[in-house]
Q: 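Attaching a single structure in structure tokens format; questions to follow.
Computed from a prediction, not measured in an experiment: that's the story for all the values here.
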Amino acid sequence: MQFDHFNFNENDGLMSIEDLRALRLRKKKIESDKKARKYILDINQRYRKMNTLKSKNFLKNMNPFKRVA
């Protein structure tokens, strides 16, 4: 059985029980991979945002006349 991971328009009517289980597991795996990638993307975007704010504020916060305790 040839399966295209990005094309879910297969005819499920003539498949055996094992094939249907395998298809369901593949679909679940693809969906969980998509969710994981989205979660990692969100974390990376937050991290980039924090780093850009830190780098922009670094020179503003640097004061040569500030006393070091």
Q: Using the side chain to side chain donor-acceptor pair (under 3.5 Å) criterion, which residues pair with Asn51? Sequence neighbours excluded.
A: Tyr47
Q: Are any of the side-chain nitrogens in Lys34 or Glu31 under 4.0 Å away from the carboxylate oxygens of its partner?
A: yes
Q: Nearest 0.5 Å, what's the CG-CG distance between Leu25 and Leu20?
A: 11.0 Å
Q: Working to the nearest 0.5 Å, report the span between CD1 of Ile30 and OG of Ser32.
A: 9.0 Å
Q: If the threshold is 4.0 Å, N to carboxylate O, is there a salt bridge linking Asp42 and Lys38?
A: yes
Q: Taking it one step at a time, do Arg46 and Lys49 satisfy side-chain contact (heavy atoms from CB on, under 4.5 Å)?
A: CA-CA 5 Å; Arg46 282 186 273 156; Lys49 185 178 177 181; 5.6 Å; no
Q: State whether the number of non-hydrogen atoms from other residues, nucleotides or ligands found under 6.0 Å of Ile17 atom CD1 is greater than 12.
A: no
